[in-house]
Amino acid sequence: MRFRSKIVDVSCLNHFTRVINTISKLTKTCTLRLTVNNLYFILTDKVANGGVSMWCELSQGNFFDEYQMEGVCMEQNEIFLELIPENLSRALKTAQNAKSVKVKLTNKHCPCLTVALELPSLSSSSRIVTHDIPVSVIPRRLWNDFKEPSVPEFDVSIYLPALKTMKSVVERMKNLSNYIVIEANRNGEINLKIETDLVSVSTHFKDLGNPPWVSDDASQNSTQEIDNMAEARIDIRKLLQFLAGQQVNPTKAICNIVHKRMVHFILLHEDVSLQYFIPALA
Amino acid sequence: MYYRREYTKAQGSVHLKQNLCILINMKCIIPGRHTKVFGKAVHSLSRIGNALWFDPLEKGLALRVVNSSMSAYACIVFSPHFFHSYHRSALHEQGAAYAEINFKCKYSVKSVLPVFRSLSTLEKNVDKCTIYTNVNEGYMNFQLFYRNGITKTHQLAYEECEPLQAVFAKNTCPNVLRIQPRVLSDVVVHFPSCQEEITLSVTPLRVSFKTYCEEELEFSKSVHTEMHLGPEEFHYFQVGEDAEVTFCLKELRGFLGFAETTSSYISVHLSKAGKPVAFSMENMFFEADIILATLAESEMGKSSQKSPGIIAGSKLCTPNPGTGVSNAISLSENIDSQQIISTKHGNAEDAQQDTVEETPNHSPYNKFCTLFFGAVSSQTQENADRMFCSLATASEDEDEDLCHRRLSQTF
């Protein structure tokens with residue numbers, strides 16, 4: 001297995017850093033899957049992380065100036081690593097004025113993802129800082145655990161309101177309750193609600209628009225009322241973690257709701273897509 | 001505006017020697033533009049230890065601090081030029097004797113910090129700051145005169161106490177580096193805030209800072225960071241012998257917080273593992289030093305003995321983890337490090353034997369703290385008691401020469 005890559009462009013570096021920061025806010029550990037064209041940050045739904053799962057896909061060509069990888073074998077030309085995204089995020093934090101950042105797989109005292117920063121110095125030669133981030137290589141027999149989740153058979157798909165607005169609403173609601181109900185319909189409306197013994201609060205968003213999904217055409221013809229609300233009650237902290245942690249400034253943010261089962265968020269930003277699944281609570 | 005803050009143990013009594021009637025006053029006036037620097041000094045020392053000593057000397061007002069494990073000692077001496085006026089102690093003689101008695105006191109850092117809470121407003125709004133004491137009253141006054149006419153007076157009760165003082169003959173160190181504080185800050189920023197110790201190694205070709213981890217287990221868990229600086233980054237670069245020292249990072253960070261605000265160079269003096277490393281700076285207004293204990297060689301030896309084996313082993317099983325280029329480099333590094341290690345191996349064994357003889361109680365923590373104040377004692381057994389005394393006593397002028405003489409024997 002080999003992997004080496006290099007980022008030179010400052011805006012690519014910033015963009016990459018923001019993606020990593022977002023991921024480190026969402027999960028403590030995750031799986032990094034490297035293929036010839038893409039990088040994936042994956043969190044599978046295990047009971048340990050509250051059933052939350054994540055799938056983040058980056059196209060390497062848009063971030064890296066150099067990118068070479070060689071998987072286990074020709075047929076399965078991929079690498080799966082488990083790492084703590086916080087470590088990577090911390091390593092990149094001080095790389096903001098770096099001339100170049102190299103990320104490579106090394107085997108020092110243990111398998112490591114080595115981040116080498118080339119920083120400007122007072123003299124003509126540059127300063128090199130290396131961070132060896134320990135990773136564990138995931139054996140092939142476990143690769144099946146990290147399949148791309150299929151988009152669920154949702155009842156409603158809707159564009160989210162400005163994430164900042166939504167964040168400040170949810171932030172305040174968090175002080176009142178541990179759970180939040182998200183409900184939405186096919187008429188571009190989302191309601192965020194909390195209900196406790198003492199207080200009920202709901203915030204309404206209108207005219208958000210519903211994204212056209214190919215599979216939608218069939219169901220739209222059905223008799224189902226477009227004003228019917230699909231709802232899911234979820235852990236408010238998980239939602240806030242997602243809203244507060246995201247730094248990708250998506251061009252599109254979509255929310256799919258499977259009635260009483262789960263909420264599926266998709267953030268799209270040029271070459272990055274981030275999917276986040278939060279299961280509904282009874 | 002007038003209020004009193006925190007009365008702890010007020011101890012106003014002064015030892016009266018030989019029928020002298022002594023009224024000791026210390027008074028200094030810090031001009032407005034310097035209050036921020038003084039405040040910054042208090043802030044950065046507060047990150048090192050809990051007790052702050054005020055020690056008015058002839059050459060200026062010294063602020064001293066020692067960390068809780070006694071592995072770091074910092075001292076900032078503000079010269080009389082720093083102050084608008086500086087009066088150390090008023091002497092009242094009776095009869096023919098003209099005595100000079102030093103007044104020294106100790107505070108809890110927590111009580112001094114609020115006086116200089118907001119540094120930016122201090123600089124903008126304070127006209128001058130007066131620090132004075134009247135021993136008969138038993139507390140020290142910090143008066144801040146604001147431009148808008150407000151005067152804030154903080155009265156802090158102090159504990160009269162001889163300050164601890166680390167004595168370390170810097171000039172015997174074979175390795176001296178002089179560098180901008182900014183560069184050192186740029187180095188430490190790459191280490192995570194939870195990182196406790198870092199290793200500094202110097203060779204004539206380069207200086208490197210790297211993560212120190214105590215156990216093999218940590219190796220595969222934590223991020224290992226390494227940074228190299230070439231000799232050309234230093235203002236002055238003198239490496240007499242290769243050295244590798246491991247010291248605590250938190251205290252150095254505290255010190256750099258202060259150093260960064262000035263443009264003076266920091267001098268780093270180091271000799272070898274187990275001997276203290278000193279970071280110091282001086283200009284016409286102040287002299288600042290921090291002396292850090294370093295891990296004894298036996299400890300360092302153990303950890304570095306492990307690594308080549310591991311590296312070599314892993315190279316054998318998985319030939320090409322990274323790229324050809326990086327492998328080639330790491331190979332040559334391996335050879336180098338193995339050579340270094342092999343020599344070190346011998347030393348380490350010696351050192352281990354030594355430590356067994358000297359300190360039967362070898363908890364790593366103990367070892368770490370003994371290095372600094374204790375290392376002195378371990379060298380010459382007969383001097384041990386005397387040395388300890390001199391460490392603990394004040395920096396009284398008459399003692400200073402004595403200290404130096406003793407030190408040159410030991411360090």
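Here is the naming used below: chain letters follow the sequence lines, and residue numbers restart at 1 for every chain. If you're wondering where the values come from, they're calculated on a predicted model, not measured in any experiment.
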Toward chain B, the part of Leu117(A) with a non-hydrogen atom under 4.5 Å
side chain

For residues 173-188 of chain B, which residue pairs pass the salt bridge (charged side-chain N to carboxylate O under 4.0 Å, His left out) check, not counting sequence neighbours?
Arg127(A)-Asp186(B), Arg182(B)-Asp186(B), Arg182(B)-Glu260(B)

Residues from residues 89-99 of chain A approaching chain B under 4.5 Å (heavy atoms)
Arg90(A), Thr94(A)

Only counting residues at least two apart or in another chain, list the ones meeting side chain to side chain contact (heavy atoms under 4.5 Å, CB included) with Glu270(A).
none

With a 4.5 Å cut-off on side-chain heavy atoms, are Met227(B) and Thr130(A) touching?
no

Beyond-backbone contact of Thr225(B) with Val129(A), side-chain heavy atoms, under 4.5 angstrom
yes

Working note: Lys210(B) + Asp132(A), criterion side-chain contact (heavy atoms from CB on, under 4.5 Å); need CA distance, chi angles, decisive distance, verdict.
CA-CA 11 Å; Lys210(B) 56 193 172 207; Asp132(A) 297 323; over 6 Å; no

Under 6.0 Å from the CE atom of Met74(A), do we count more than 12 heavy atoms belonging to anything else shown?
no

Does atom CD of Glu232(B) have more than 12 heavy-atom neighbours from other groups under 6.0 Å away?
yes

Separation between CD1 (Ile133(A)) and OG (Ser222(B)), nearest 0.5 Å, reads 11.5 Å

Given that the side chain runs from C-beta out, which part of Leu113(A) has a heavy atom under 4.5 Å from chain B: side chain, backbone, both or neither?
neither

Just grab all the salt bridge (charged side-chain N to carboxylate O under 4.0 Å, His left out) pairs involving residues 29-38 of chain A, residues at least two apart or on different chains.
Arg33(A)-Glu78(A)

Can you tell me how the ring of His224(B) sits relative to the ring of His109(A), calling it parallel under 30°, perpendicular over 60° and tilted otherwise?
perpendicular

So which of Thr211(B), Val183(B), Leu229(B) has the largest heavy-atom pair count under 4.5 angstrom toward chain A?
Val183(B)

CD on Glu233(B) to OG on Ser126(A), rounded to 0.5 Å:
9.0 Å

